Amino acid sequence: MKGSFEEIMARLELRQNHFMPPELLHSQFNTLEVPEDAITVSIMHTPKEIVSKIITAL
């Protein structure tokens with residue numbers, strides 16, 4: 001799953017009573033190690049589209 005900082009922050013701000021406060025997102029992006037050889041799918045797709053894209057890539 002791949003999303004920009006802005007996309008993920010927008011989702012975090014909509015969540016209530018979530019264990020991860022939005023303030024931690026910067027540190028998560030700073031330590032993120034993007035794999036070189038992996039299937040990546042945008043978080044902006046619907047769940048059905050995400051599954052379809054993953055199956056196609058496999």
Side-chain angles (χ1 to χ4, degrees):
M1 303 298 298
K2 185 173 185 174
S4 69
F5 177 86
E6 293 77 18
E7 292 166 339
I8 295 172
M9 179 58 84
R11 288 184 179 202
L12 279 175
E13 289 173 341
L14 293 175
R15 293 180 179 175
Q16 295 180 355
N17 302 318
H18 194 266
F19 69 92
M20 182 178 158
E23 298 80 30
L24 293 179
L25 188 59
H26 279 289
S27 67
Q28 296 294 301
F29 266 79
N30 288 339
T31 59
L32 177 65
E33 295 182 21
V34 179
E36 294 178 20
D37 187 23
I39 297 169
T40 57
V41 181
S42 172
I43 65 168
M44 300 308 290
H45 296 296
T46 66
K48 186 174 182 177
E49 291 170 325
I50 290 169
V51 170
S52 176
K53 290 178 180 294
I54 292 170
I55 290 171
T56 299
L58 290 173

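What you are looking at is a predicted structure, and each value in this text was computed from that prediction instead of being measured.
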Q: Find out if a path of hydrophobic residues (ILVMFWY) with successive side-chain heavy-atom gaps under 4.5 Å connects Leu58 to Val51.
A: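 No, because Leu58 and Val51 fall into different hydrophobic clusters, even though each may have its own neighbours under 4.5 Å.
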Q. Can you tell me how far NZ of Lys2 sits from CD1 of Ile39, rounded to the nearest 0.5 angstrom?
A.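 That separation rounds to 14.0 Å.
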Q | Leu25 side, atom CG; Glu13 side, atom CD - distance, nearest 0.5 Å | A | 9.5 Å
Q.
Tell me the closest heavy-atom pair linking Ile43 and Glu7, and the distance in Å.
A. CD1-CB, 4.0 Å
Q) Taking all atoms of both residues into account, what is the closest heavy-atom pair of Met1 and Ile50, and its distance? A)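 Met1 and Ile50 have their closest heavy atoms at CE-CD1, 3.4 Å.
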Q.
Can you confirm whether more than 12 heavy atoms, excluding those of His45, are under 6.0 Å from its NE2 atom?
A.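 Enclosed.
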(Q) Whether the side chain of Thr56 engages the backbone of Ser52 through a donor-acceptor N/O pair (distance < 3.5 Å, no angle test) should be reported. (A)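 Checked: pair present.
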